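These notes are about the structure you will find just below.
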Amino acid sequence: MIVAAAADAGLSWNLVRDVRQMFAYPFMVNAFRAGTVVAVTAGATGWFMVLRRQTFAGHTLAVAGFPGAAGAVWLGLGATYGYFAFCLAAAFLIAAIPTAGGAAAGRAAESATVGTVQAFALACGFLFVNLYKGFLGGVNALLFGSFLGITDGMVLTLTAVAVAILAVLALFGRPLLFASLDPAVATAAGVPVRALSVAFLILLGSTAAEVSQITGTLLVFTLLVIPAATAQILTTRPALSLALTVLFGLLVTWAGLTVAYYSPYPIGFFITSFSFSLYLLARLAVHAHDLLDRTARTPHPARASA
Amino acid sequence: MTVRTRSTQVSVDAIDTVLPAGTDPPTAVNTAAVLFRNAAVRLGGRLVWSGVDVEVAAGEFVAVLGPNGVGKSTLLKAALGLLPLSVGRAVVLDRPPGRARAEIGYLPQRRSFDPSVRIRGIDIVRLGVDGHRWGLPLPGGERGRAAGRRVAELVELVGATGYAHQPIGRLSGGEQQRLLIAQALARRPRLLLLDEPLDSLDPHNAAAVAALIRTICQRAGVTVLMVAHDVNPILSSLDRVVYLAGGGAVSGSPTEVITSATLSRLYQTPIEVLTASDGRMVVVGQPEPPAAHTDRHVGTGHS
């Protein structure tokens, strides 16, 4: 049966048949499972990251996964462990930056340290890739993502980590929102602002490690930033905005996987293009809405002078 | 940016909604809400002030005055327990500072939200109600509904109903300040610590917000300790002022403290207090300290 399906792999006009054909391959089923898990996790963590304006830290945590994965492959371990080990180590490193000088001073010190960590991580990754001679084809997958060869074990690991991340977010999402928007008042209300920001970096590191395995370390933002940014353009209601973020993430991941299955080009490009289009559409829609609103509200010149 | 002004509509019926839970405000007048005895604070090796004695009785409206960089915000942070005293003793609502935070509403020096913050005004107020709680509110649960009702009451109390559903960053300074006062009142505090709530408001809005604070203080019996750089908008409502200068403090009624003699003694240099024909007071000759104005930036308060 699989042989028969493989023989006529290609798009037809029968959508149901096409989808059924795609899911006849276990690797595609695993790709969809992993993609779904990753999209939901990235949406939830990414929403807080965009709100906290820590996108630079998020990017660095993702890039830190590259030497991790390259090093793990070089040592003959699974890339998954490398991603998690290095992303989490980078999260602890960034969390160790003292912010005692106040919020503004802390942020400047943070971005400089974050940049330093990022440069070093990329350099290490490059070294590991060179040490492992027969690896050249894999660099693309590590940097720009791949949906091939996701095993049942990987899906299980991704799901377990995702459940842990979502449980922790559900537990401290509300104080984290308070601490992110208004740290001074949150501190006075007894919210442990510093501890929450360290905990959030660790969540962000775990999420970046998860997302890297689908989109590659350089395109993590596709699922971590763009859906959240799009949702926050469209609505100011926190719950709705969070739900939209997850929905957008799922849509672009599923669409990207499907198109990548039928095309010779890499998946990272498709997922990114779809989310970028969504973002543009949202911007245009809000801009058009504002324009209409302003035109409607401007008083008629004749009436204004009367 | 256009400055929007809206008239204050403080609904008097809604004042009951800020009554502290489980207290009878008029009875507790004799106990001090805030007490500092011979207190001193050191920040990064620098002595901010020392020998400070402050006593704020329950239900009083007290202003903390003084030039920039003299440690007015530090006094509020010490009362909250966010900064330790290096010398002396402090008691806040009958407990050591830091133990009474659930009963204190705090408005830090601002702090305005920038236009890109995509959160509504009512969400900011809601954070004051239950933002410190762990876990998620069940959708449609009784606790969530009660919090929603509380937010609506608070928004009505500060007269912000017309704009509370807009993104907070798009509102004017006065509108944001009202919503932040609503947030500070969310947990029915017995004590309000306000750090320059009238700063950066135009005179009309400053008068309206001052009237709102006075109403809350008088009708709900909430003690108010408020840092101000201009005493005039609140002069008629004040029970007492604390004047910080020259590393120390003088406290008493406004007519005792804001005089040429007292301020000259405090600054150890001739100071003149003039009263304009409309009752406004002007302090002339106060030396501006060379202090860096770091407190103007969010969160770096050293004042």
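Naming convention: chains lettered A, B, ... in sequence-line order (proteins, then strands); numbering from 1 in each chain. Quick note: numbers below take in every heavy atom, side chains included, and nothing from hydrogens, waters or symmetry partners. Every value quoted in this text rests on a predicted model; they were computed, and no experiment measured them.
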Worksheet item: chain B heavy atoms under 4.5 Å from A:I233: which part of the residue, side chain, backbone, both or neither?
Response: backbone

Response to the item:
Whatever's closer than 4.5 Å to a heavy atom in chain B on A:T235 counts as backbone

Fill in: Sidechain-backbone polar pair: B:Q176 side chain, B:I168 backbone, donor-acceptor under 3.5 Å
yes

Worksheet item: With the threshold set at 4.0 Å, does a side-chain nitrogen-carboxylate oxygen contact exist between B:E142 and B:R149?
Response: yes

Discussion item. Using a 6.0 Å cut-off, check whether atom CZ of B:R95 has over 12 heavy atoms from anything other than its own residue.
Written reply: yes

Item to complete: Against chain B, label A:A188 side chain, backbone, both or neither, depending on which of its atoms sit under 4.5 Å from a heavy atom there.
Response: both

Worksheet item: For chain A, which of B:I122, B:L80, B:D130 has the most heavy-atom pairs under 4.5 Å?
Response: B:D130

Worksheet item: Is B:R145 atom CZ crowded by more than 12 heavy atoms from other residues, nucleotides or ligands, each under 6.0 Å away?
Response: yes

Fill in: Proximity breakdown for B:L82 and chain A, heavy-atom pairs closer than 4.5 Å
side chain

Worksheet entry | Most contacts with chain B, counted as non-hydrogen pairs under 4.5 angstrom, among A:A189, A:G190, A:A170 | A:A170

Worksheet item: What part of B:L136 lies closer than 4.5 angstrom to a heavy atom of chain A: side chain, backbone, both or neither?
Response: both

Worksheet item: Any salt bridge between B:R126 and B:D123, counting N to O under 4.0 Å?
Response: no

Worksheet item: Any donor-acceptor pair under 3.5 Å linking the side chain of B:Q183 with the backbone of B:I124?
Response: yes

